[in-house]
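Numbering of residues begins at 1 and proceeds along the displayed sequence. In what follows, every heavy atom counts, from backbone to side chain, and hydrogens, waters and symmetry copies are set aside.
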Amino acid sequence: MLKRLFSTLLVAAMMVGASLTAYAADYTIRATANSNENDEDYDGLIVFKNYVESASNGAISVELFIGTQLCSNGTECLQGIADGTIDVVIQTSGGTAGLFPFVQVLDLPYLMADDRVAESVLANGSQFVSTMQDMVAEKSGGAIRLMTIGNTGGWRNFANTRRRIANPGDMEGLKIRTVVADLPQELVKALGASPTPIPWPELFTSFQTGVVEGSKNGITDIMNMKFPDAGLKYVTLDGHAYMGALWFMNNDKFMSMPEEMRTVVADGFYQLQQATFASPKRKSIQAYSDFVAGGGDLYVPTPAEKAAFKAAAAPVYDWFKANVDGGATAFDALVASVADAEGEINKVRMADTK
């Protein structure tokens with residue numbers, strides 16, 4: 001009986017959704033993600049599309065382009081946003097750094113302790129997000145709008161084919177895969193390892209052949225790419241960076257809508273952000289279980305060991321502020337927002353545990 005009722009309600013909801021899109025929308029948003037339907041980015045876009053189309057009563061239609069149909073890399077995608085050929089796109093800090101180098105602040109290690117802190121810092125209205133939005137608008141001449149910052153894969157952790165990493169000394173001499181950007185290479189060098197830029201599609205083979213011996217990835221990426229089959233056996237949950245996802249929109253498209261529709265879109269990005277915060281937490285449960293079941297070694301550093309990692313990586317902060325355009329401003333805003341978040345969270349924790 002309950003199953004039949006649920007099915008009836010589901011069909012009714014689908015019919016309502018179909019009726020909303022049966023009429024020509026007043027506004028169409030073309031959104032793209034260079035990913036696939038297994039990614040958090042896709043989860044976020046589905047939530048965004050559903051919310052915006054429903055809350056606008058069909059006045060806004062959202063068209064999704066998953067993969068490389070509209071653009072194939074960060075430079076192309078952001079140019080499409082600036083030109084108006086793309087309305088919404090998601091990019092990692094690495095894909096964005098060519099135009100907005102200061103966004104690499106998200107890759108600085110050991111500044112945000114956990115999900116609760118990260119989600120507070122990345123909430124729209126925080127000092128950090130407001131600063132980033134202003135910097136993106138200024139750098140793009142007002143063409144590109146940073147709508148929100150979500151997550152795309154949980155936390156970056158060090159993983160390798162050789163040995164358990166429990167402290168910075170264990171990194172000595174390991175060849176760690178990085179992207180071409182300077183910041184991750186500086187981090188790897190600070191910890192005593194050798195940064196080795198390798199394109200993502202070549203990483204599986206590079207593990208097999210020993211071209212690289214480690215990487216810095218989230219567990220879902222590790223398992224989705226089947227890296228354990230290539231010899232990746234050790235993961236250290238040092239959580240050195242939250243895998244931020246920056247969602248951009250063409251500013252002219254956004255501002256062309258009346259205020260009530262802009263509110264719907266902004267609220268849609270909030271819904272999207274919450275979906276991307278939640279999705280990696282669920283997906284990582286099975287990914288960690290599968291990693292261990294396959295013989296993987298999963299190590300959680302002690303507080304003292306994690307403090308040693310942070311101390312070893314500290315020179316990267318000064319390098320970033322001195323060498324990255326806008327780096328000092330972005331760094332100061334992030335540190336200030338982290339302090340605010342930790343203060344508020346600790347108050348709530350104290351109240352909740354009394």
Side-chain angles (χ1 to χ4, degrees), residues 29-53 62-81 85-100 103-104 106-107 115 118-119 122 144 146-157 159 177-181 184 198-204 215-227 241-250 268-287 290:
I29 294 175
R30 290 161 54 88
T32 188
N34 294 159
S35 54
N36 59 57
E37 295 183 1
N38 294 319
D39 287 346
E40 293 78 12
D41 312 335
Y42 179 77
D43 293 344
L45 280 174
I46 290 297
V47 170
F48 176 79
K49 173 181 172 66
N50 180 72
Y51 178 85
V52 169
E53 291 181 345
V62 180
E63 298 178 352
L64 303 185
F65 299 85
I66 307 302
T68 57
Q69 301 173 70
L70 301 186
C71 57
S72 61
N73 57 57
T75 300
E76 285 184 8
C77 293
L78 289 174
Q79 187 61 54
I81 293 290
T85 56
I86 302 170
D87 298 319
V88 170
V89 74
I90 179 262
Q91 286 294 308
T92 62
S93 56
T96 309
L99 182 58
F100 306 122
V103 302
Q104 295 177 91
L106 290 167
D107 293 331
D115 286 306
E119 290 169 14
L122 299 182
I144 299 177
L146 175 60
M147 299 302 299
T148 196
I149 304 176
N151 184 257
T152 180
W155 292 83
R156 291 192 189 279
N157 297 296
R177 181 263 176 180
T178 69
V179 295
V180 178
I198 294 288
W200 181 250
E202 299 175 14
L203 188 49
F204 185 95
S215 66
K216 38 201 289 328
N217 294 112
I219 189 63
T220 53
D221 284 338
I222 288 171
M223 298 308 293
N224 287 341
M225 295 298 290
K226 303 185 185 303
F227 289 152
Y242 191 73
M243 297 175 67
L246 300 109
W247 291 86
F248 299 98
M249 185 169 183
N250 175 270
F269 276 106
Y270 171 80
Q271 300 286 341
L272 174 154
Q273 181 196 52
Q274 296 306 301
T276 67
F277 283 164
S279 181
K281 297 171 187 173
R282 180 186 65 79
K283 292 177 180 177
S284 66
I285 296 171
Q286 188 63 50
D290 291 344

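- Atom CD of E37 is surrounded by 12 or fewer heavy atoms from other residues, nucleotides or ligands within 6.0 Å.
- Screening residues 68-78 for salt bridge (Lys or Arg N to Asp or Glu O under 4.0 Å), with sequence neighbours left out, gives no hits.
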Please assess W200 against F227 for the test ring pair (Phe, Tyr, Trp, His ring centres under 6.0 Å), listing each intermediate value before the final yes or no. CA-CA 12 Å; W200 181 250; F227 289 152; 5.5 Å; yes
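- Looking only at side-chain heavy atoms (C-beta outward), D115 and Y242 come within less than 4.5 Å of each other.
- Residues passing the side-chain hydrogen bond (donor to acceptor under 3.5 Å, both in side chains) test with Q273 are T148, sequence neighbours excluded.
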Distance-only criterion, 3.5 Å: show the donor-acceptor pairs between side-chain atoms of residues 41-48 and protein atoms not counting sequence neighbours.
{"from": "D41", "atom 1": "OD1", "to": "T152", "atom 2": "OG1", "distance (Å)": "3.1"}
{"from": "D43", "atom 1": "OD2", "to": "S279", "atom 2": "OG", "distance (Å)": "2.6"}
{"from": "D43", "atom 1": "OD2", "to": "K283", "atom 2": "NZ", "distance (Å)": "3.0"}

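- Side chain of R156 to main chain of K216: a donor-acceptor pair is present (N/O by atom type, distance under 3.5 Å, no hydrogens or angles).
- Every residue two or more places apart in sequence or in another chain that forms a side chain to side chain contact (heavy atoms under 4.5 Å, CB included) with L99 is listed here: L78, I144.
- Within the model, atoms CG of D87 and CE of M249 stand 6.0 Å from one another, a figure rounded to the nearest 0.5 Å.
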Query - Audit row: Q91, N34, side-chain contact (heavy atoms from CB on, under 4.5 Å) steps and yes/no - result: CA-CA 8 Å; Q91 286 294 308; N34 294 159; 4.0 Å; yes
Before giving the answer on side-chain contact (heavy atoms from CB on, under 4.5 Å), spell out for L246 and F100 the whole-Å C-alpha distance, their side-chain angles and the decisive distance to 0.1 Å. CA-CA 11 Å; L246 300 109; F100 306 122; over 6 Å; no
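- Checked against side-chain hydrogen bond (donor to acceptor under 3.5 Å, both in side chains), N217 has the following partners two or more places apart in sequence or in another chain: S215.
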inquiry  = Apply side-chain contact (heavy atoms from CB on, under 4.5 Å) to residues V103 and I149 and explain how you reach the verdict.
reply    = CA-CA 11 Å; V103 302; I149 304 176; over 6 Å; no
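- Here the closest heavy-atom approach between residue P280 and residue G154 is recorded as CB-N, 3.5 Å.
- By the side chain to side chain contact (heavy atoms under 4.5 Å, CB included) test, A287 is found to be paired with I219, T220, M223, residues two or more places apart in sequence or in another chain being considered.
- Without hydrogens or angle criteria, S93 side chain to Q104 main chain gives no donor-acceptor distance under 3.5 Å.
- In this structure, D107 has no salt bridge (charged side-chain N to carboxylate O under 4.0 Å, His left out) partners at least two apart in sequence or on a different chain.
- Taking OG1 of T276 as the reference point, atom CZ of F269 lies at 11.5 Å (rounded to 0.5 Å).
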Practice problem: List the steps, then state whether side-chain contact (heavy atoms from CB on, under 4.5 Å) holds for L203 with M225. | Solution: CA-CA 9 Å; L203 188 49; M225 295 298 290; over 6 Å; no
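- T96 has its side chain within reach of F248: a pair of non-hydrogen atoms, C-beta onward, lies under 4.5 Å apart.
- The shortest side-chain heavy-atom distance between F277 and L122 falls under the 4.5 Å cut-off.
- In terms of the side chain to side chain contact (heavy atoms under 4.5 Å, CB included) criterion, residue partners of T178 (sequence neighbours excluded) are, by chain and number, P184, Q185, V188, P195, P197.
- Listed by chain and residue number, P199 satisfy the side chain to side chain contact (heavy atoms under 4.5 Å, CB included) test with P201 (two or more places apart in sequence, or in another chain).
- Between the CD1 atom in I222 and the CG atom in N157 there is a gap of 7.0 Å [rounded to 0.5 Å].
- No option in L64, V62, L70 other than L70 meets the side chain to side chain contact (heavy atoms under 4.5 Å, CB included) test with R30.
- Looking only at distances, a side-chain donor or acceptor of N151 sits under 3.5 Å from a matching main-chain atom of G153.
- With sequence neighbours left out, the salt bridge (charged side-chain N to carboxylate O under 4.0 Å, His left out) criterion links E119 to K281.
- Using a 4.5 Å heavy-atom threshold, the side chains of M243 and D221 count as touching.
- Taking a 6.0 Å sphere around OH of Y270, one finds it holds 12 or fewer heavy atoms contributed by other residues, nucleotides or ligands.
- Contacts of D39 classified as side-chain hydrogen bond (donor to acceptor under 3.5 Å, both in side chains), with partners at least two apart in sequence or in another chain: none.
- Remark: N73 pairs with no residue by the side-chain hydrogen bond (donor to acceptor under 3.5 Å, both in side chains) rule, at least two apart or across chains.
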